[in-house]
Every structure is written in structure tokens, then in C-alpha cells.
Amino acid sequence: MSPAEQLRARLERVAAELGADGVDVQLERPRNPEHGDLATNLAMVLAGRLRRAPRQIADEILARLDLEGAGVASAEVAGAGFINFRLTGAVLWEQLARVLREDRAFGRSEPEDRLRIQVEFVSANPTGPLHVAHGRGAALGDAIASLLRWTGHEVEREFYINDAGVQIQRLGESLDARWRQLMGEEAAIPEGGYHGAYLVDMAREVDAEAHDRLVAMSAEERVAFLRRWAVERLEAEHDRTLRDFRVQMDSYYPETRIYEEGRIAETLRELADRGLTYESEGAVWLRTTAFGDDKDRVLVKSDGTYTYFAPDIAYHREKARRGFQHAIDIWGADHHGYVPRMKAALAALGYPDFLDVEIVQMVRIMRGGEEVKISKRAGEFVTLRELFEETGVDVARYFFLMRRSDAQMIFDLDLALDQSEKNPVYKVQYAHARMMSIFRKAGVEPSSIGVEDADLSLLREPVEGELIKQLAEFPAVVSRAAEARAPHIVCDYLEETAGMVNSWYHAGNPSRNPELAVLVPHPALRRARLALARGVQIVLRNGLELLGLSAPDRMQREETA
RNA sequence: GCGCUCGUAGCUCAGUUGGAUAGAGCGUCGGCCUCCGGAGCCGAAGGUCACAGGUUCGAAUCCUGUCGAGCGCACCA
């Protein structure tokens with residue numbers, strides 16, 4: 001149990017003694033170091049219930065609290081009724097020791113109830129290459145899955161392939177048009193078809209591969225053949241792009257499977273059995289308004305075909321039937337209006353709190369102060385691959401993750417390509433590499449640095465104490481980020497930590513304060529500081545790896561001419 | 001017109017679920033380092049939290065309204 005948890009338990013007990021059961025005691029590290037190591041607003045929260053002055057209650061809480069047993073060196077009432085605690089040095093040093101002991105597990109936690117969770121993301125139609133917006137969803141979904149795993153859940157990453165329906169037919173027709181153009185015919189891309197140049201390349205490839213067969217086919221056969229060929233080809237490309245972007249899906253689930261296994265009819269029957277569908281104007285409607293949607297939605301059109309909604313409900317029903325206890329979908333902003341009806345449909349099927357939807361907002365790319373235009377309609381766009389091949393995978397992933405996903409972001413290519421510490425990715429990676437370089441210089445294996453042979457009580461510099469407190473917070477940061485499905489919380493933490501680390505490192509520069517360096521002559525102090533450096537390195541590495549980034553041993557800057 | 005997301009420093013963004021004097025990076029300015037430039041280090045300036053009300057010990061955070069931005073509002077996918 002961490003010192004904060006111990007103290008919280010004691011505070012809860014005191015609150016109960018004062019006649020306030022079940023209060024959620026908040027215990028936080030104040031921003032301002034003058035306010036101690038931990039602070040609680042408990043007295044102010046109780047003031048309302050007990051109808052007494054907060055400061056008076058604070059005094060009483062302090063009188064009843066076993067401070068020494070909780071590792072508290074001193075405590076005081078401050079401000080409107082905050083209680084500030086200062087922990088003993090022993091508690092501080094123990095926190096660093098814990099980092100080294102837990103090593104790769106530091107930051108991981110166990111949930112109250114372990115859930116089997118599916119994270120579905122990217123799920124791009126196989127009608128073209130992945131573009132930058134998919135990249136943001138890919139980075140986000142992957143990091144959220146990783147966060148959930150770090151907090152002890154069982155997680156699977158899934159890509160849903162929309163390989164059925166009219167858009168796929170248009171793809172086949174579009175490729176057919178490109179192929180016929182290649183054969184010298186006057187062929188137009190069909191209405192609603194795909195104009196991208198990638199289909200010109202694909203037409204050439206498929207011709208090289210199967211010219212004789214294509215020529216021999218009827219028009220209908222040919223479109224069907226090209227459709228299958230293109231889908232297979234684009235799916236493989238999506239998979240390859242994601243792998244190169246370091247996203248490893250656990251499964252790809254094709255929409256066609258929903259059809260083949262008869263899940264749609266099954267789902268519609270279940271909804272009908274529950275009395276939640278009705279016919280009107282020749283169509284079958286789902287009563288989503290009974291579950292919070294603002295209008296009912298069509299499942300089967302009057303021409304007898306399904307809307308997109310029907311297979312989608314069936315697919316989500318399968319998620320629950322496949323044994324997932326919770327599902328998280330990452331959707332693009334253009335689908336956010338779809339959230340209430342999907343949740344309503346699941347509620348109708350008896351899965352009211354099954355689904356969470358995270359919305360990923362638009363990405364705009366700026367270079368030299370100007371927006372890089374992404375025009376899908378004209379068929380010219382910046383693909384995800386082009387982006388990460390230019391910036392590197394670490395940078396692209398980090399940039400996508402460092403902002404809240406539900407706000408639009410501007411991707412600053414100039415900053416992304418900057419290799420100095422102005423670039424937040426490099427700032428964090430530099431801090432990690434610096435620790436590794438210290439170990440190299442000291443001639444020690446990082447993993448051999450233990451706490452047994454180090455006297456951590458020698459770490460008495462204020463910066464060292466602040467740094468240890470910062471490291472100790474990592475597990476709470478991970479939990480909070482997982483809870484909020486918000487990887488940017490980890491990014492912010494890593495940048496803040498790296499900033500502290502870098503100034504700690506620079507303070508020990510031989511030209512300034514050689515006595516503050518890690519590698520001082522005094523052997524015991526040197527060992528203690530190496531242990532702190534090791535703690536720093538563990539936290540930065542764990543944080544970077546959690547986000548799917550590399551934690552380099554050394555930075556190699558590309559020489560620019 | 002209705003709904004969703006959002007509006008915080010010149011720019012890009014955080015803000016620990018309602019807490020103490022609203023933070024960071026970039027940019028700007030000053031100093032240091034450097035053969036010069038870049039990089040790096042130290043420091044400073046910079047705010048009506050879009051606006052107006054309300055809720056309470058306490059609001060950037062919650063509620064209502066207004067203004068502004070983006071995206072949705074299909075028997076499209």
C-alpha cells in the first residue's frame with residue numbers, strides 16, 4: 001500500500017468517527033510545493049454535512065489522526081480548511097525503492113473487477129489507403145487498449161472490415177473503369193465511385209497479373225473479380241500499414257461474416273420478439289426513441305434491403321455474444337451523430353452499458369504555416385504511410401496521442417520534423433537516453449542497479465525529492481488515463497517528468513555544480529543517485545512503451561545539410 | 001432550426017472530475033555557452049479562462065442564455 005493509500009484509509013476512518021460514513025476522501029499532491037506532499041479537502045467536504053466551520057473540523061481530524069503511523073512528518077491546517085501533510089524522508093525513499101523493485105511492472109495495477117474488453121478501431125472501408133485521420137484513430141485505439149491492459153483488463157484489438165454493401169460494388173466498378181481506360185476504352189468512374197490515383201496503379205497491377213482472364217470475362221464477372229481482388233489487396237495494405245505503424249490487431253472481423261452467418265435476420269427477430277420493431281410506410285423500424293434516441297430508425301428499407309444500421313447492430317450484438325463484457329469503439333467525428341442510436345439499439349437488446357464510443361476529431365496538417373490540403377474527393381490525400389515515413393513512427397504516434405482526441409488537432413509538421421528537444425517526443429526520449437548514457441559512463445548495467453546496496457537517504461537535494469514524488473505518481477497517472485480513455489494524460493506526464501529530469505541533469509553539469517552530478521566521486525552518494533537515475537529511466541521507458549514508442553539508449557540526430 | 005464537440009497566453013494545448021496565486025511547450029525579450037550559425041542552459045514578460053447571469057464556503061470546471069468554430073441531423077454508408 002502506498003503512503004497516500006494508507007493515509008486515505010486513516011482519514012476515512014476518522015471521517016466515520018466524526019459521523020460521516022462513506023465519504024470519498026480526496027488526497028492529492030498539491031501543485032504548490034509549499035502546500036506539502038499531500039493535501040486533503042476532507043474538512044471542507046464535511047463542513048456541509050456536519051454544519052460546522054471547516055477549519056474547526058480540520059483541527060479535530062488532525063487530533064484524531066495517527067500521523068506517525070502514516071509516515072507523516074508534519075501536518076497543518078491551511079487556507080479555507082485544507083489539511084497539508086508533509087511525509088517523512090523514509091516514505092519518500094521507499095517510493096523510489098518501489099520503482100526499482102517493480103521495474104517493468106511499475107505503473108501496472110489490478111482492477112476491482114477484471115473485464116474482458118474489446119477495443120474496435122480504424123475499421124476503414126477497404127476502398128482506399130489509410131489516411132492521416134485513420135492514423136489518429138489507430139494511435140488512440142492502440143494506446144487505449146494498452147492502458148486498459150496496464151490496468152489489469154483483458155483486451156482485444158479489432159478491425160471491422162466493411163466489405164459488404166454498395167461502396168464495395170463502387171470500388172469494383174471504379175477499378176473496372178480504370179482497367180478499361182488502360183485497355184484504351186473511354187470509361188468513366190461511376191457516380192459515387194473512387195477517383196484516387198491508387199486505382200490506376202492497381203489496374204496496371206491486376207492486368208499484369210490476370211490480363212488473359214480479364215479479357216475473357218463478361219463485364220459482370222469482371223467487376224466481381226476486380227472487386228474481390230481490390231478488397232483483398234487493400235485489406236492487406238491496411239494490415240501492412242498498421243503493422244509498420246506498430247499497431248497489431250488481434251482480429252479482423254468482416255462484415256460479410258455477419259451476413260453469411262445470418263446474424264442480421266437473427267438480430268431482427270430478437271428485436272421483433274421484444275416488441276421493439278414496427279412496420280411503417282413499407283419499412284421496418286426500430287423503436288430507438290424508447291432508449292434515448294431522438295427519432296426511430298429504419299432497419300429494413302421499403303425496397304427490402306437493409307440499412308447500414310442493421311448489420312451494425314448485429315455486429316455489436318456479436319461482440320457481446322462473443323464474451324466481451326465491454327466494448328469501446330473509436331469513431332471519426334463524422335459519425336458522432338450515430339452514437340445515440342447505436343447505444344439505443346444495444347439497450348434494446350439488453351446491453352445498456354455495454355458500449356463506449358470515443359470520438360476522434362479531425363486532423364489538420366500544417367507545414368510552414370500553411371495547411372497541407374487533404375482532399376479526398378479529388379482523390380489526392382496525405383496517406384498515413386506518407387506521414388509516418390516522413391516523421392518516423394514514434395513522432396507520428398506521439399503527435400496523435402498528445403492531444404485530447406475529442407478536440408480537433410493541428411499537426412505541426414515543422415515541429416514534428418524538428419530533432420531538437422523542442423519536439424516533445426525527443427524531449428522525452430532524450431531524457432531517457434541521458435539516463436542510459438549515465439549508466440554507460442558509470443560502467444553499470446541498468447538492471448544491476450538495485451536498492452539493497454544503495455543508501456537512498458543520501459538523496460537530500462530538494463530537486464531529488466521532487467523528482468521522486470513525480471516518479472511515484474506514475475501508477476496513478478496510468479489509472480487516470482485508462483479511466484478517462486485519454487492517453488494524452490500520459491504524454492503530459494512524460495513531458496513534465498522529462499522537463500524535471502533534464503533540468504536535474506543539467507544542474508549537475510561539471511561547469512556549474514559538479515557536486516550535483518550523478519557520477520560524483522563519493523561512492524555511496526553516487527550509488528544513491530544512480531538508483532534515482534534508474535528510477536527515472538524505468539518510468540520513462542514504461543511510459544514510452546505503454547504508448548507504443550521506443551525508449552532509445554542513445555539519440556542519433558540526422559545531420560541536416 | 002435541432003443535436004454533438006469545442007472556445008484558456010501571440011500560436012499549439014494541459015488543467016488531477018468543484019479547490020489554494022490558472023500551467024506547459026513553441027514564439028518573443030534579456031543573460032550564458034559557441035570561431036560564426038544552429039542546438040543547448042538560466043531567467044523574464046505575457047490571461048476579463050468567448051460573453052452575461054445562476055448554483056456555494058469556493059467555478060476555467062456544474063446549470064441557463066447569448067456569440068463564435070467544426071461536425072452531424074437519410075428508407076447513404
Side-chain angles (χ1 to χ4, degrees), chain A residues 24 26-32 34-36 39-45 47-48 53-55 78-82 84 125 127 162 164-170 192 255 280-285 293-312 331-341 357 359-362 364 366 369 399 402-412 414-415 418-424 426-427 430 473 476-477 479-481 483-484 486 488-489 491-493 495-496 498-500 502-503 505-507 509 511-512 557 559-560:
Chain A
D24 187 21
Q26 289 184 44
L27 198 58
E28 290 164 348
R29 177 153 77 104
R31 278 194 187 287
N32 187 341
E34 285 173 27
H35 295 144
T40 182
N41 61 354
L42 180 61
M44 287 136 94
V45 173
R55 291 190 67 108
F82 290 97
N84 297 333
N125 294 346
T127 53
N162 290 119
V166 291
Q167 80 277 20
I168 296 298
Q169 183 61 22
R170 295 284 170 274
E255 183 182 359
S280 172
E281 299 162 61
V284 178
W285 297 70
D293 198 4
D294 45 15
K295 57 173 287 199
D296 289 342
R297 308 289 172 175
V298 172
L299 296 172
V300 185
K301 294 182 260 181
S302 51
D303 66 2
T305 61
Y306 295 127
T307 59
Y308 177 82
F309 192 32
D312 223 13
W331 290 358
D334 52 344
H335 287 91
H336 76 263
Y338 198 71
V339 176
R341 82 185 70 164
V357 181
I359 296 298
V360 180
Q361 285 286 351
M362 224 168 59
R364 294 198 295 159
M366 301 290 275
F399 271 58
M402 70 183 180
R403 305 297 185 213
R404 289 174 45 177
S405 60
D406 59 0
Q408 295 178 23
M409 73 170 287
I410 291 182
F411 193 115
D412 182 345
D414 301 313
L415 181 60
D418 188 312
Q419 302 205 8
S420 76
E421 286 183 46
K422 284 182 197 167
N423 184 329
Y426 290 123
K427 176 177 169 180
Y430 263 111
E473 225 154 287
V477 169
S479 299
R480 185 152 33 89
E483 187 67 30
H488 80 269
I489 291 175
C491 295
D492 286 348
Y493 169 81
E495 279 176 60
E496 191 182 347
M500 292 174 71
N502 289 336
S503 70
Y505 173 86
H506 289 301
N509 187 303
S511 68
R512 261 191 271 142
R557 192 177 293 208
E559 289 304 323
T560 45

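Here is the naming used below: chain letters follow the sequence lines, and residue numbers restart at 1 for every chain. Given the structure is predicted, the values throughout are model-derived calculations rather than measurements.
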### Message
Using a heavy-atom cut-off of 4.0 Å across all strands, would you classify H335(A) as base, sugar-phosphate, or nothing?
### Response
base
When you compare the protein's N or O atoms with those of nucleotides 23-28 of chain B, which come within less than 3.5 Å of each other, and at what distance?
{"unit_1": "G27(B)", "atom_1": "OP1", "unit_2": "K422(A)", "atom_2": "NZ", "d": "2.8"}

### Message
Regarding M409(A), tell me which of base, sugar-phosphate or nothing describes its non-hydrogen contacts under 4.0 Å with the strands shown.
### Response
sugar-phosphate
### Query
On a whole-Å scale, what distance lies between the P atoms belonging to C73(B) and U28(B)?
44 Å
### Gap in Å between the two C1' atoms, one belonging to C42(B) and one to C33(B), rounded
11 Å
Could you go through nucleotides 2-4 of chain B and list every protein N or O atom that sits under 3.5 Å from one of its N or O atoms, giving the distance for each pair?
{"unit_1": "G3(B)", "atom_1": "N2", "unit_2": "H336(A)", "atom_2": "NE2", "d": "2.7"}
{"unit_1": "C4(B)", "atom_1": "O2", "unit_2": "H336(A)", "atom_2": "NE2", "d": "3.1"}

### Presence of S420(A) side-chain N/O under 4.0 Å of G40(B) phosphate oxygens OP1/OP2
yes
Strictly under 3.5 Å: I want the nitrogen or oxygen pairs between protein and nucleotides 54-62 of chain B, one per line.
none

### Task
Please tell me which of Q26(A) and W285(A) maps to the more 5' nucleotide of RNA chain B, matching each residue to the nucleotide holding its nearest heavy atom.
Q26(A)
### Query
Checking all strands, does N84(A) fall into the base, sugar-phosphate, or nothing category for heavy-atom contacts under 4.0 angstrom?
base
### Query
If we take the P atom in both C4(B) and C29(B), what is their distance in whole Å?
45 Å
### Query
Counting any heavy atom closer than 4.0 Å, what does V339(A) reach on the DNA or RNA strands: base, sugar-phosphate only, or nothing?
nothing
### Query
Tell me, what's RNA chain B's dot-bracket, Watson-Crick or G-U with both distances under 3.5 Å, | for other-strand, [ ] crossing?
(((((((..((((.....[...)))).(((((.......))))).....(((((..]....))))))))))))....
### Query
P atom, G10(B) versus U5(B): distance in rounded Å?
28 Å
### Message
Please enumerate all residues that pass salt bridge (charged side-chain N to carboxylate O under 4.0 Å, His left out) together with R29(A), with sequence neighbours excluded.
### Response
E473(A)
### Task
Could you tell me whether A333(A) contacts a base, only the sugar-phosphate backbone, or nothing, with contacts defined as non-hydrogen atoms closer than 4.0 Å?
sugar-phosphate
### Query
When we call it a touch if two heavy atoms are under 4.0 Å apart, what does H506(A) touch: a base, just sugar-phosphate, or nothing?
sugar-phosphate
#### Entry: Nearest-nucleotide pick for D334(A), side chain only, options being U21(B), A20(B), G72(B)
G72(B)
### Message
Regarding S302(A), tell me which of base, sugar-phosphate or nothing describes its non-hydrogen contacts under 4.0 Å with the strands shown.
### Response
base
### Query
What do the steps show when you test R341(A) against F309(A) for side chain to side chain contact (heavy atoms under 4.5 Å, CB included), and what is the final call?
CA-CA 9 Å; R341(A) 82 185 70 164; F309(A) 192 32; 3.6 Å; yes
### Message
Using the rule given for side chain to side chain contact (heavy atoms under 4.5 Å, CB included), can you reason through V357(A) versus Y338(A), listing the C-alpha separation, both sets of side-chain angles and the distance that settles it, and then say yes or no?
### Response
CA-CA 10 Å; V357(A) 181; Y338(A) 198 71; over 6 Å; no
### Message
Side-chain N or O of R404(A) versus OP1/OP2 of C6(B): is the shortest distance under 4.0 Å?
### Response
yes
### Message
Suppose we screen for salt bridge (charged side-chain N to carboxylate O under 4.0 Å, His left out). Which residues come up paired with D414(A), at least two apart in sequence or across chains?
### Response
none
### Task
For N41(A), report the nucleic acid contact type (base, sugar-phosphate, nothing); a contact means any heavy atom under 4.0 Å.
base
## Note on the structure
Separation between CH2 (W331(A)) and OG (S405(A)), nearest 0.5 Å, reads 14.5 Å
### Query
With a non-hydrogen cut-off below 4.0 angstrom, is A39(A) in contact with a base, only sugar-phosphate, or nothing?
base
### Query
Base of U17(B) relative to its sugar, syn (within 90° of 0) or anti?
syn
### Query
Which is true for T305(A) with a 4.0 Å heavy-atom rule: it touches a base, it touches only sugar-phosphate, or it touches nothing?
nothing
### Query
Can F82(A) be said to stack with the base of A20(B), given centres closer than 5.5 angstrom and planes under 30 degrees apart?
yes
### Message
Mind checking if E281(A) touches a base, just sugar-phosphate, or nothing, with heavy atoms under 4.0 Å?
### Response
base
